[in-house]
Amino acid sequence: MAAITGNQENKTGAPVGAAWDAIGPGFVRLGEAVSTEDYIIYHLGAAQEAMDFPADDIQALADYLDTVPRNIPVFVVSHFPLHLSVPYSAHSIPGGYRQTLGNDALTEVLNLHPNVIFLWGHNHTFQDPRYGTVRPAGSKFTYDVNDVTKKLQINFTYGNLGSFCRGDTYGAIAEVDRDGDTVTVKLYYVDTDVPMETKESAVITFAPDGAVTCDVTEPPEGSINFADMFYLAGWYDDPSFAEDY
């Protein structure tokens, strides 16, 4: 698996190329990282320290998606999330929220490609209730720091990459299988190589005609309390976020 950049790779003070080259020969910041008959991985790494999806990066992804098959999964791996998120306690952000700039323009492009599975990280903490979750097409989320009543609806799958911060250590596993002309992705989370009952999982099916279905399995009752997660995140007093989950 090729490496992907986060915002930390832009803090070294070294020229951008030198900082990225230090990651290793498999590094791909932007572009196709893996391409097979069954799936594709495209890297949308952080272009700078600031939370931003640059217009050039969005256009490059749009051009690429127009050239690839629409009946197999395309994993778009991103450091930054699309949804409006809250900082963890080590940060102090005016207004309490933070937004990746260009998230609305990127979502517009991704919505043209239901076979995309968008995976994000960055937020460092389980205080973001979206950690360990998979949101199917049709889901809505808050995205604009200037108006938390506005929602974006997605036409693709939106999942979390996992977390290794503050003792909450787990990662996303994607198993890709083919049965004839149909490709299936099983997306779930593991900790120390053991499936975690406290996280969601999903089965995403890609039919030959391009139709995509996503069946999400909720965690067992009592294993994860979204109300508590909202409280940790500081969203408990803002009902405009409730429908995001």
Side-chain angles (χ1 to χ4, degrees), residues 38-42 44 53 61 65 68-78 80-85 100 103-104 106-123 126 128-143 150-163 170-179 181-190 195-221 223-227 229-230 233 235 240-245:
D38 296 336
Y39 67 92
I40 292 169
I41 300 175
Y42 185 98
L44 188 62
F53 295 117
L61 173 59
L65 291 175
V68 299
R70 300 178 70 91
N71 58 355
I72 63 172
V74 179
F75 295 91
V76 177
V77 184
S78 168
F80 295 124
L82 294 169
H83 65 279
L84 185 65
S85 56
T100 310
N103 56 347
D104 52 347
L106 178 55
T107 301
E108 184 177 351
V109 167
L110 296 174
N111 275 344
L112 299 175
H113 302 274
N115 59 320
V116 162
I117 300 176
F118 186 94
L119 298 172
W120 60 274
H122 178 76
N123 283 355
F126 202 46
D128 186 334
R130 269 205 174 80
Y131 264 121
T133 65
V134 184
R135 297 275 68 81
S139 301
K140 296 180 180 180
F141 55 75
T142 309
Y143 71 99
K150 295 169 65 174
K151 305 290 179 179
L152 277 177
Q153 181 167 317
I154 60 173
N155 191 38
F156 53 93
T157 305
Y158 187 65
N160 170 239
L161 283 165
S163 170
Y170 61 93
I173 300 294
E175 295 181 354
V176 182
D177 295 302
R178 176 181 286 276
D179 183 3
D181 293 329
T182 300
V183 176
T184 301
V185 174
K186 296 179 181 178
L187 184 62
Y188 59 97
Y189 298 87
V190 297
M196 297 184 67
E197 294 183 350
T198 55
K199 308 293 181 216
E200 289 181 332
S201 59
V203 177
I204 311 158
T205 304
F206 301 80
D209 63 358
V212 179
T213 58
C214 179
D215 296 320
V216 178
T217 300
E218 301 291 340
E221 184 176 356
S223 64
I224 190 168
N225 188 318
F226 277 91
M229 292 164 68
F230 277 116
W235 294 352
S240 61
F241 286 99
E243 68 183 79
D244 289 17
Y245 304 92

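As a basis for the values below, the full set of heavy atoms in this structure was taken, side chains included, without hydrogen atoms, waters or symmetry mates.
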[Y] side chain reached by [X] side chain, heavy atoms, under 4.5 Å:
X	Y	result
F156	T107	yes
D104	L152	yes
R70	P114	yes
P69	I40	yes

Mind listing the closest non-hydrogen atom pair of [X] and [Y] along with its distance?
X	Y	result
A137	N155	CB-C, 3.7 Å
V185	F206	CG2-CE1, 3.8 Å
Y143	K150	OH-CE, 3.2 Å
L161	S78	CD1-O, 3.8 Å
G159	W120	O-CD1, 3.0 Å
V134	A202	CG1-CB, 3.8 Å

As an exercise, state the distance from [atom1] of [X] to [atom2] of [Y], rounded to the nearest 0.5 Å.
X	Y	atom1	atom2	value
L106	L82	CG	CG	5.5 Å
D179	D177	CG	CG	9.0 Å
I204	K186	CD1	NZ	12.0 Å
I41	I117	CD1	CD1	10.5 Å
I72	D181	CD1	CG	12.0 Å
L187	L119	CG	CG	6.5 Å

Spell out, as yes or no, whether a donor-acceptor pair under 3.5 Å connects the side chain of [X] to the backbone of [Y].
X	Y	result
Y189	T133	yes
D38	V176	no
T100	P81	yes
N115	V74	no
Y42	L65	no

Problem set entry | Between T142 and K151: side-chain donor-acceptor atoms closer than 3.5 Å | yes
For this session: Just do the side-chain contact (heavy atoms from CB on, under 4.5 Å) check on N71 and V183 with the steps written out, would you?
Result: CA-CA 8 Å; N71 58 355; V183 176; over 6 Å; no
Exercise. Do other residues, nucleotides or ligands put more than 12 heavy atoms under 6.0 Å from Q153 CD?
Worked result: yes
For this session: Flag yes if more than 12 heavy atoms outside F75 fall under 6.0 Å of its CZ atom; otherwise flag no.
Result: yes
Exercise. Yes or no on side-chain contact (heavy atoms from CB on, under 4.5 Å) for L84 and F141, after CA distance, side-chain angles and deciding distance?
Worked result: CA-CA 8 Å; L84 185 65; F141 55 75; over 6 Å; no
For this session: Dump the intermediate steps for side-chain contact (heavy atoms from CB on, under 4.5 Å) on T205 and T182, then the final yes or no.
Result: CA-CA 7 Å; T205 304; T182 300; 3.6 Å; yes
Exercise. Who are the ring-ring contact (aromatic ring centres under 6.0 Å, His included) partners of F118, not counting sequence neighbours?
Worked result: Y158
For this session: Given side-chain contact (heavy atoms from CB on, under 4.5 Å), test L44 with F80 step by step and report yes or no.
Result: CA-CA 9 Å; L44 188 62; F80 295 124; over 6 Å; no
